[in-house]
Amino acid sequence: MTRGIKHRQKAKSKTKKRSESSSSAPQVPVKVWQPGVDKLEEDEELQCDPSAYNSLHAFHIGWPCLSFDILRDTLGLVRTEFPHTVYFMAGTQAEKPSWNSIGIFKVSNISGKRRELVPKRETDDSGMDDEDSDSEDDSDDEEEGGATGPTLQLRKVTHEGCINRIRAMAQNPHICATWAESGHVQIWDMSSHLNALAETESEGVQGVDVVQAPLQKFKHKNEGYAIDWSPLVPGRLISGDCNNSIYLWEPTSAATWNIDTTPFTGHTGSVEDLQWSPTEPNVFASCSVDKTIAIWDTRGRSPAASFKAHNADVNVLSWNRLASCMLASGSDDGTISIRDLRLLKEGDSVVAHFEYHKNPITSIEWSPHEASSLAVSSSDNQLTIWDLSLEKDEEEEAEFKAKTQEHVKAPEDLPPQLLFIHQGQKDPKELHWHTQIPGMIVSTAADGFNVLMPSNIQSTLPSDGA
């Protein structure tokens with residue numbers, strides 16, 4: 001189990017200058033750097049290849065955040081045109097309990113562009129291509145950065161103690177639940193703050209921390225991290241703790257809940273994550289440090305099914321909402337497993353297993369737009385995107401290498417299902433796909449948030465002529 005952010009400290013903003021290189025300098029072949037495999041020499045530094053992204057931005061809200069959630073909005077169900085606007089809720093991990101808060105914020109003017117999957121090769125030796133390429137790169141940078149860059153508007157509600165996890169209700173995104181290190185699960189109404197953010201475009205709008213009472217508060221016997229709102233029954237909630245117990249919250253009105261004091265028990269270790277079934281209103285899954293995953297029916301108090309999922313703590317899981325038979329999980333040993341729940345009765349339900357990451361998996365989530373794709377973050381400071389539909393095609397691979405050999409030296413031993421590797425964040429903790437902006441992923445880490453849109457998942461977007 002890997003949880004807290006070490007050495008919590010206030011984030012500091014840094015300005016980065018664009019490096020200028022002489023046209024007469026020798027061109028060094030670019031190499032993909034792999035954490036845990038390659039060593040960085042004293043005179044070497046890592047550089048991001050901007051052509052790998054349609055959009056890439058970073059920001060922070062002060063203290064590090066262990067958990068956040070992207071809020072559903074009314075700006076459009078499928079948005080593909082830049083600039084984008086996104087609403088979030090996040091929970092801080094401050095140095096002192098009284099310094100914590102729930103951040104409700106809006107990031108607007110997120111800019112970017114669509115890029116070629118393969119860099120264009122120069123065909124003319126006259127030098128005109130180089131000049132055109134330079135001007136094109138400059139225009140790309142201007143378009144990506146925008147005239148002013150993204151704008152962050154933040155409002156804060158005080159919260160006693162660090163927030164282990166925060167989740168917003170899909171049907172009513174102004175309602176959120178927080179898991180506190182004190183052992184309390186609380187439900188909040190953030191509608192006034194979201195309305196204020198929607199009505200203004202002033203950068204940095206936040207004011208003082210607002211003191212606000214939660215709608216409801218429930219004390220577990222121990223702290224926890226697992227919590228999930230039902231995608232099918234508005235207001236239905238489950239929360240799991242480090243004392244092996246899971247509690248069901250049933251809404252009795254728009255602002256009140258009845259918590260069943262008889263917990264679901266069956267795990268022999270801390271409950272780490274919970275996920276409701278996307279198709280059955282009474283069914284949910286749980287994972288635990290006891291190395292198992294359990295499937296539950298709310299009409300009973302014992303697991304309907306339970307099985308060993310990994311050889312170490314199972315930290316996170318994700319139920320595929322486009323292919324409801326598929327369940328993904330990530331472990332403390334860095335492994336990722338994909339199961340077909342239809343095969344549980346046959347014994348071996350694993351349809352894919354990856355051992356690429358060498359450090360604990362901290363977050364995993366299926367894409368809301370591609371049934372075969374999922375994103376993973378790990379303590380090895382990598383965020384990876386996987387596409388289970390991909391298979392090794394030697395002919396296609398040879399053709400691609402021929403086109404890119406002058407531009408990049410790619411590792412030879414990567415799994416064919418590994419679609420993208422994002423690096424640069426320190427100690428990543430949680431990621432989410434944006435359900436209304438295809439291809440957008442947001443991740444949080446000890447050093448803040450990243451918003452990224454990899455260029456090679458462009459197939460998830462409608463074609464330009466559509």
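- Rounding to the nearest 0.5 angstrom, the gap separating the CD1 atom in I364 from the OG atom in S329 is 6.5 Å.
- When only modelled atom types and interatomic distance are considered, S443 and S377 share no side-chain donor-acceptor pair under 3.5 Å.
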So I457 and L419, side-chain contact (heavy atoms from CB on, under 4.5 Å) or not? Walk me through it.
CA-CA 8 Å; I457 56 173; L419 192 64; 3.1 Å; yes
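- Between Q382 and H422, the side chains place no donor N or O within less than 3.5 Å of an acceptor N or O (distance only, hydrogens not considered).
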Using side-chain contact (heavy atoms from CB on, under 4.5 Å), reason through M190 and I102 one step at a time and then give a plain yes or no.
CA-CA 10 Å; M190 301 299 185; I102 301 171; 3.5 Å; yes
Under the side-chain hydrogen bond (donor to acceptor under 3.5 Å, both in side chains) criterion, do Q212 and H193 qualify, and how do the steps go?
CA-CA 11 Å; Q212 178 177 323; H193 308 289; 2.9 Å; yes
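- Using a distance-only test at 3.5 Å, with no hydrogens or angles considered, no donor-acceptor pair links the side chain of S182 to the main chain of G161.
- L317 has its side chain within reach of L327: a pair of non-hydrogen atoms, C-beta onward, lies under 4.5 Å apart.
- A donor-acceptor distance shorter than 3.5 angstrom exists from the side chain of D69 to the backbone of A168, with no hydrogens or angles considered.
- Atoms CD1 and CD1, on I441 and I385 in that order, are 3.5 Å from each other to the nearest 0.5 Å.
- Using a cutoff of 4.0 Å between basic side-chain nitrogens and carboxylate oxygens, D447 and K426 are not scored as salt-bridged.
- Counting heavy atoms from C-beta outward, S108 and Q153 have side chains that approach closer than 4.5 Å.
- The backbone N or O of S270 sits less than 3.5 Å from a side-chain atom of S288, completing a donor-acceptor pair.
- The two residues W276 and L237 make their nearest non-hydrogen contact at CZ2-C, 4.3 Å.
- A 4.5 Å side-chain heavy-atom check between N282 and W296 finds every atom pair outside the cut-off.
- Here the straight-line distance linking atom CD1 of I293 with atom OG of S286 works out to 8.5 Å at 0.5 Å rounding.
- With hydrogens and angles disregarded, a donor-acceptor distance shorter than 3.5 Å links the side chain of S455 to the backbone of A52.
- Minimum interatomic distance between M89 and P173 (heavy atoms only, all atoms of both residues): CE-O, 3.5 Å.
- Residues P83 and N109 share a closest heavy-atom pair of CB-OD1, 3.6 Å.
- Atom NZ of K221 has 12 or fewer neighbouring heavy atoms from other residues, nucleotides or ligands inside a 6.0 Å radius.
- Between H432 and F68, a ring centre-to-centre spacing shorter than 6.0 Å is recorded.
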N100 and E160: CA distance, side-chain angles, deciding distance, side-chain contact (heavy atoms from CB on, under 4.5 Å) verdict
CA-CA 6 Å; N100 283 287; E160 182 65 27; over 6 Å; no
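- The backbone N or O of C65 lies less than 3.5 Å from a partner atom in the side chain of T444, making a donor-acceptor pair.
- The ring of F284 has its center closer than 6.0 angstrom to the ring center of F264.
- Annotation for H310 and G330: closest pair NE2-N, 4.1 Å, computed over non-hydrogen atoms.
- Contact annotation: the side chain of S55 approaches that of F82 to within less than 4.5 Å [non-hydrogen atoms, C-beta and beyond].
- Checked by atom type and distance alone, the side chain of S331 never pairs as donor or acceptor with a backbone atom of G334 at under 3.5 Å.
- Just one of L248, T252, I187 meets the side chain to side chain contact (heavy atoms under 4.5 Å, CB included) condition when paired with W257; it is I187.
- Here the closest heavy-atom approach between residue W433 and residue P368 is recorded as CB-CD, 3.4 Å.
- Between D73 and R79 there is a salt bridge, since at least one side-chain N of the basic residue sits less than 4.0 Å from a carboxylate O of the acidic one.
- The CG atom of N244 sits 9.0 Å away from the CG atom of N222 when rounded to the nearest 0.5 Å.
- Closest of all the heavy-atom pairs between S379 and T362 is OG-CG2, 3.5 Å.
- A distance of 8.0 Å separates OG of S239 from CG of L274, quoted to the nearest 0.5 Å.
- For the atom pair C162 SG and L66 CG, the distance stands at 8.5 Å (nearest 0.5 Å).
- N315 and D332 share a donor-acceptor pair across their side chains, judged by distance under 3.5 Å alone.
- A distance-only check finds a donor-acceptor pair linking the side chain of Q425 to the backbone of G448 [under 3.5 Å].
- Taking the six-membered ring for Trp and the full ring otherwise, the centers of W179 and Y225 sit at least 6.0 Å from each other.
- Remark: the H159 side chain and the S101 side chain contain no N/O donor-acceptor pair separated by less than 3.5 Å.
- Between the S324 side chain and the T279 main chain, no donor and acceptor come within less than 3.5 Å of each other.
- Side-chain contact, S245 with H220: no donor N or O sits under 3.5 Å from an acceptor N or O.
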Dump the intermediate steps for side-chain contact (heavy atoms from CB on, under 4.5 Å) on F105 and I61, then the final yes or no.
CA-CA 9 Å; F105 53 106; I61 64 168; 4.1 Å; yes
side-chain hydrogen bond (donor to acceptor under 3.5 Å, both in side chains) between W188 and T178, worked out:
CA-CA 8 Å; W188 308 78; T178 58; 3.1 Å; yes
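- At a cut-off of 3.5 Å, with distance as the only test, no side-chain donor of W319 or S277 sits close to an acceptor on the other residue.
- Using a 4.5 Å heavy-atom threshold, the side chains of I338 and V350 count as separate.
- Counting only N and O atoms by type, the side chains of S372 and D387 include a donor and acceptor under 3.5 Å apart.
- Between N359 and N381, every side-chain heavy-atom pair lies at or beyond the 4.5 Å cut-off.
- Using a 4.0 Å cut-off between a side-chain N of Lys or Arg and a carboxylate O of Asp or Glu, R167 and E430 qualify as a salt bridge.
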Going through the checks in order, is the salt bridge (charged side-chain N to carboxylate O under 4.0 Å, His left out) test met by R165 and D273?
CA-CA 10 Å; R165 192 159 289 176; D273 203 3; 3.0 Å; yes
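- Residues F449 and V442 have side chains in contact (heavy-atom distance under 4.5 Å, counting atoms from C-beta outward).
- At distances below 3.5 Å, at least one donor-acceptor pair connects side-chain atoms of D333 with backbone N or O atoms of T335.
- Put simply, the side chain of Y53 reaches to within 4.5 Å of the side chain of F420, judged on heavy atoms.
- Of the options R72, M440, H369, H84, a side chain to side chain contact (heavy atoms under 4.5 Å, CB included) to H434 is made by M440 and by none of the others.
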